> 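There's a structure below that I have some questions on.
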Amino acid sequence: MDKILTLIIPTYNMEKYLRYCLDSLIVNGEGMDALEVLVVNDGSCDGSLTIAREYAREYPQTFRVIDKENGNYGSCVNRGLKEATGKYVKVLDADDSFDTGNFSQFLDFLQKVDADLVVSDFVVVNEDRDITRIFDHEFPCGLLSIDDVCTTKDFSHIQMHAVTYRRSILLSLSYRQTEGISYTDQEWVFTPMVGVKSVCHFNKCVYKYLVGREGQTMNPAVKAKRISHACQCVYAMSRAYEQYKNSVSDQLRLYFHGRLYYMIKEVYVSCFLNYSAQNKKVLRQFDATLKSISQEAYDLVSTGNSNYIAFWRSHPNLSPVLIRWVSRCYIRCVVKK
C-alpha cells in the first residue's frame, strides 16, 4: 500500500519520552499501512535507539529506524526527507506526541484531499500531559489559495506543529535545513512556502506540543546560550528570501517579512536582555552579516515597535546597563500596546 504520510522524528537522548511519542501513533484499521514513521536517531547515548528498534520489529510495515552520527535537528530532517516515500511529510519531535484518535481521522483526511499544505490544530501540554493551551486555526473549509490565507493572523504566526507538506514541494525546491544548529523549525515554516499554492485545514487537534521540559531549546536560558544558532537560522532564512522574493506574490512576501521580523528581533532582544561584551560582539557581527545578506531583512527591525534596535545601531557603545534599561522600557511599551 502506498504511504500517504511520512513522519520524521528527530531523536536525541529521548528515552524518557520516545515510547509515549511512538505509542500515540498506533492507530486502528488500515492507517498503519498508509503511515511511514522514520525515527532518526541522532547519535543518542541513552536507550532511544533500543526503543525505536522495538517498534520497528513489532510494526515493520510502518516504523523504520535511521541510525546516524550526531548532527543536530536539521540533519535529522534532511536525512528523513531523503528516505521518505509518503505523499505528505510531517515532522514530530520525540518529546511530543499526537492525539491518537484525531490522528487516525487525519490519515483518512489526507487520503481524500490534494493540497500542497495541510494545516491542522494543535495543543500545548505540560509534563503531566495536561492541556495548557489550544491553537485552533479558523480557516474556511475546502481548498484555499496560499495568497488568501498567508497574511491572516492564524497563518502569519503558524508553527511547525500545524504543518504538513506535500513531499513533492520540498523535492522541487531541493529543500534542506541548516545542520548543526537548533531552531531550524523556523526554516520549516519559511522556505517551503515558496512552493505552496493550495492549502486546506483539518480542524481537529493532531499535535500535542510538550512545554516545560528541562533543557528544552525554547527555554530562555537555553536560547541565551545558543544565540549563535538563532543567528545562523536568520542568515539561512534571509538567503532564501533573497533567492525567492521576486518569484512569489506580494502576499507571500509579506508573510516572509513577518517571519524574518520575528526571528531577527529575537536575536536582538535576547542579546540586549543579557547584554555583555560578548553579546555586543555577537550583535555587531550579526548586524553586519545580516545587512550583507539582505538589506531588506536588515531594515525590517529599524522602525516601529523595534526602534530600540535602531537606537542601538546608532549608539553601539552605550553601557550594558543603559542598553538593558532601554530595551526593557521599549519591550514593556510593546507589551502594554
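In this chain, numbering begins with 1 at the start of the sequence shown. The structure presented is a predicted model; accordingly, all values stated were derived computationally and were not measured.
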> Taking Ala84's backbone N and O only, do any of them form a donor-acceptor pair with Arg167's side chain (distance below 3.5 Å, no angle check)?
yes
> Please report the interatomic distance CD1(Ile4) to CD(Glu30), rounded to the nearest 0.5 Å.
12.5 Å
> Using side-chain heavy atoms (C-beta onward) and a distance below 4.5 Å, is Leu252 in contact with Cys150?
yes
> Roughly how far, to the nearest 0.5 Å, is CG of Asp299 from CG of Leu260?
12.0 Å
> Are Leu290 and Tyr262 linked, directly or through other ILVMFWY residues, by side chains that come within less than 4.5 angstrom of each other?
yes
> Determine, for Arg284 against Asp287, whether the closest basic-nitrogen to carboxylate-oxygen distance falls under 4.0 angstrom.
no
> Taking atom NZ as the centre, does Lys68 end up with more than 12 heavy-atom neighbours from other residues, nucleotides or ligands that are less than 6.0 angstrom away?
yes
> Could you give me the CA-CA distance, side-chain angles and deciding distance for Arg313 and Tyr298, then say whether side chain to side chain contact (heavy atoms under 4.5 Å, CB included) is met?
CA-CA 11 Å; Arg313 286 172 172 171; Tyr298 176 85; 3.3 Å; yes
> Is the shortest heavy-atom distance from the side chain of Tyr255 to the side chain of Ile146 under 4.5 Å?
no
> Is there a donor-acceptor contact under 3.5 Å linking the side chains of Thr85 and Glu36?
yes
> Centre-to-centre under 6.0 Å for His137 and Phe155, is that the case here?
no
> Given side chains that start at C-beta, do those of Arg253 and Tyr241 come closer than 4.5 Å, heavy atoms only?
yes
> Can Asp114 and Arg166 be counted as an ion pair, charged N to O under 4.0 angstrom?
yes
> Heavy atoms only: give me the nearest Leu22-Ala52 pair and the separation to one decimal.
CD1-CA, 4.4 Å
> How close do Cys21 and Ile9 get, heavy atom to heavy atom, and via which atoms?
SG-CD1, 4.2 Å
> Just verifying a value: how many Å separate Ile66 CD1 and Glu83 CD, rounded to the nearest 0.5 Å?
4.0 Å
> Find out if a path of hydrophobic residues (ILVMFWY) with successive side-chain heavy-atom gaps under 4.5 Å connects Val89 to Ile158.
yes
> Please check if Tyr59 and Leu7 belong to a single hydrophobic cluster, counting links between Ile, Leu, Val, Met, Phe, Trp and Tyr side chain heavy atoms closer than 4.5 Å.
yes
> Determine whether the side chains of Asp93 and Tyr73 contain a donor N or O and an acceptor N or O closer than 3.5 Å.
yes
> Regarding Ser294 and Glu242, is there a side-chain donor-to-acceptor distance under 3.5 Å anywhere?
yes
> Hey, does the side chain of Thr152 reach the backbone of Asp148 with a donor-acceptor pair shorter than 3.5 angstrom?
no
> Between Gln232 and Tyr183, is there a side-chain heavy-atom distance shorter than 4.5 Å?
no
> Take Ile51 and Tyr17 through the side chain to side chain contact (heavy atoms under 4.5 Å, CB included) test and state the conclusion after the steps.
CA-CA 10 Å; Ile51 292 170; Tyr17 304 97; over 6 Å; no
> Which one of Asn102, Asp96, Asp99 satisfies the side-chain hydrogen bond (donor to acceptor under 3.5 Å, both in side chains) criterion with Tyr207?
Asp96
> Take the angle between the ring planes of Phe122 and Phe135 and call it parallel below 30°, perpendicular above 60°, tilted in between.
parallel
> Evaluate the side-chain proximity of Met193 to Val248: yes if any heavy-atom separation is below 4.5 Å, no if none is.
no
> What's the separation between atom OG1 in Thr11 and atom CG in Leu38, rounded to the nearest 0.5 Å?
10.5 Å
> Starting from the C-alpha separation in whole Å, work towards a yes-or-no answer on side chain to side chain contact (heavy atoms under 4.5 Å, CB included) for Leu110 and Phe202.
CA-CA 9 Å; Leu110 293 180; Phe202 178 74; over 6 Å; no
> When you check the side-chain N and O atoms of His201 and Glu138, is any donor under 3.5 Å from an acceptor?
no
> Test your reading of the model: is there a side-chain donor-acceptor pair from Asn70 to the backbone of Asp42, 3.5 Å cut-off?
yes
> If I take atom CG from residue Leu49 and atom CZ from residue Arg53, how far apart are they, to the nearest 0.5 angstrom?
3.5 Å
> What's the separation between atom CG in Asp23 and atom OH in Tyr55, rounded to the nearest 0.5 Å?
3.5 Å
> Tyr20, Val91: one ILVMFWY side-chain cluster at the under-4.5 Å cut-off?
no
> Under 3.5 Å, side chain of Asn78 to main-chain N/O of Gln177, donor-acceptor pair present?
yes
> Tell me whether Lys90 contacts the main-chain N or O of His161 through its side chain, where contact means a donor paired with an acceptor under 3.5 Å.
yes
> What heavy-atom pair brings Cys271 and Val282 nearest, and what distance separates the two atoms?
SG-CG1, 4.2 Å
> How about Met32 and Val27: do any of their side-chain heavy atoms sit closer than 4.5 Å?
yes
> Could you check whether atom NZ of Lys87 has more than 12 heavy atoms from other residues, nucleotides or ligands sitting under 6.0 Å from it?
yes
> Minimum heavy-atom separation for Tyr165 and Trp188, please, with both atom names.
OH-O, 2.6 Å
> Is the backbone of Gly71 close enough, under 3.5 Å, to the side chain of Tyr12 for a donor and an acceptor to pair up by distance?
no
> Apply ring-ring contact (aromatic ring centres under 6.0 Å, His included) to residues Tyr235 and Phe286 and explain how you reach the verdict.
CA-CA 9 Å; Tyr235 300 155; Phe286 175 73; 5.8 Å; yes
> Sub-3.5 Å donor-acceptor pair from the side chain of Glu187 to the main-chain atoms of Thr178, do we have one?
yes
> Under the side chain to side chain contact (heavy atoms under 4.5 Å, CB included) rule, what do Leu81 and Val77 come out as? Steps first, then yes or no, please.
CA-CA 6 Å; Leu81 288 175; Val77 174; 4.0 Å; yes
> Quick check on the hydrophobic clustering: are Val113 and Val119 connected, directly or via other members, by side-chain heavy-atom contacts under 4.5 Å?
yes
> Just by distance, with hydrogens left out, do Glu266 and Ser270 show a side-chain donor and acceptor under 3.5 Å apart?
no
> Looking only at atom types and distance, does a side-chain atom of Thr100 sit under 3.5 Å from a main-chain N or O of Ser24, one as donor and one as acceptor?
yes
> So do Ser97 and Arg129 actually touch side chain to side chain, heavy atoms under 4.5 Å?
yes
> Do you know which two heavy atoms are closest between Val65 and Ala56, and how far apart they sit?
CG2-CB, 4.0 Å
> Under 3.5 Å, side chain of Asp130 to main-chain N/O of Asn126, donor-acceptor pair present?
no
> If every non-hydrogen atom of Gln159 is compared with every non-hydrogen atom of Val189, which pair is closest and at what distance?
C-CG1, 3.9 Å
> Is Asp46 reaching over with its side chain to a backbone N or O of Met14, donor-acceptor style, under 3.5 angstrom?
yes
